[in-house]
Amino acid sequence: MIYETVITTMNKDGSVHIAPMGIRRENENYLIAPFKPSKTLDNLLNSGVVVINATTDVMIIAGCLTGRHDWPVVDATHITCKRLAAAHAHVEARVDNHKDDELRPVFTCRAVYAASHAPFEGFNRAQAAVVEAAILVSRLHMLPEQKIRSELEYLDIAIKKTAGDKERTAWQWLMEKVDGYYS
């Protein structure tokens, strides 16, 4: 099973890198598989630490995929890293090992600390639609345009029926990215 999260890692210059990423659980371990090349990959290799953030703020997810990377963060508790201030919960983890791969190396990470910060009230359909659209946007270079557009057309139904201001803004950012890619 893949869990859609936002992970934070530290750049060599001490700034934070924020990236939406699907992760997997295997027993007590978290498996993170960033694409090559990527800043997340570089940071995991360099620092060996990561924060896995659970949030329902889909603006963060859409924002990161559309060039908006400046989101409020606070210091992690047990590792030298940052976590999202808007996280409902977070896990601080250390890389135990990694297996190289031509496309997506896999990092096995062990939790050293976890905390909950706010109750999770669930996703509404618009939030789920934004998450799905964000995944499509992250694969614009890999999937046929017709597939992207047909899936977005279906997801737009949930946006029109259930979105609040944040979801509408996130959706707009993603649609601008799609239109810009294909123009």
Side-chain angles (χ1 to χ4, degrees), residues 1-13 15-55 58-71 73 76 79-84 87 90-112 127-152 154-155 170 173-183:
M1 181 179 304
I2 296 174
Y3 299 93
E4 298 302 330
T5 67
V6 177
I7 65 170
T8 48
T9 56
M10 298 305 293
N11 298 316
K12 282 186 179 182
D13 68 2
S15 62
V16 66
H17 177 69
I18 303 170
M21 186 160 303
I23 64 162
R24 292 177 286 146
R25 288 286 307 265
E26 188 175 87
N27 301 318
E28 300 299 314
N29 295 317
Y30 295 86
L31 304 179
I32 300 172
F35 283 101
K36 278 186 175 180
S38 71
K39 184 64 90 172
T40 299
L41 172 64
D42 295 342
N43 290 347
L44 287 170
L45 289 169
N46 181 54
S47 72
V49 297
V50 61
V51 176
I52 301 161
N53 298 273
T55 183
V58 294
M59 286 181 62
I60 297 169
I61 294 167
C64 287
L65 290 168
T66 59
R68 297 163 175 90
H69 299 282
D70 190 23
W71 300 98
V73 294
I79 60 174
T80 304
C81 200
K82 305 280 185 184
R83 71 167 178 86
L84 289 175
H90 82 280
V91 174
E92 300 174 17
R94 293 190 187 281
V95 173
D96 271 348
N97 61 61
H98 81 279
K99 182 179 179 181
D100 200 14
D101 180 81
E102 202 171 293
L103 182 63
R104 295 184 79 174
V106 177
F107 290 81
T108 302
C109 303
R110 178 183 39 83
V112 296
Q127 289 168 321
V130 169
V131 170
E132 289 300 320
I135 293 166
L136 291 169
V137 165
S138 75
R139 288 160 173 72
L140 288 172
H141 64 288
M142 298 166 50
L143 298 172
E145 180 178 1
Q146 182 52 39
K147 178 171 179 55
I148 298 279
R149 295 228 184 251
S150 67
E151 291 197 23
L152 290 173
Y154 175 74
L155 294 170
W173 291 345
L174 293 170
M175 295 308 100
E176 289 170 358
K177 179 82 171 190
V178 170
D179 292 341
Y181 183 82
Y182 291 119
S183 62

Practice task
Return yes when atom NZ of Lys36 has more than 12 non-hydrogen atoms of other residues, nucleotides or ligands closer than 6.0 Å, and no otherwise.
Solution key: yes
Problem - Side-chain (Asp13) to main-chain (Ser15) donor-acceptor, under 3.5 angstrom - result: yes
Handout entry: Side-chain donor/acceptor of Asp96 to backbone N/O of Thr108, under 3.5 Å
Key = no
Problem - Thr5 side chain to Met21 backbone, donor-acceptor under 3.5 Å - result: yes
Completion exercise
Closest heavy-atom pair, Arg83 versus Asn53, reported as atoms and distance to 0.1 Å, is CB-OD1, 3.5 Å
Problem - Cation over ring face, Arg24 and Tyr30, 6.0 Å, 45° - result: no
Handout entry: Spacing of Asp42 atom CG and His17 atom NE2 [to the nearest 0.5 Å]
Key = 9.0 Å
Exercise for the section: Kindly write out the residues that satisfy salt bridge (Lys or Arg N to Asp or Glu O under 4.0 Å) with Lys99, not counting sequence neighbours, or none if the list is empty. Expected result: none
Handout entry: Neighbour count above 12 (heavy atom, 6.0 Å) for Asp70 CG
Key = no
Practice task
May I ask you to check whether over 12 heavy atoms, not counting those of Tyr154, lie within 6.0 Å of atom OH?
Solution key: no
Exercise for the section: Please answer whether the main-chain N or O of Leu44 pairs with a side-chain N or O of Thr9 as donor and acceptor at a distance below 3.5 Å. Expected result: no
Handout entry: Side-chain donor or acceptor of Asp101 paired with backbone N/O of Leu103 under 3.5 Å
Key = yes
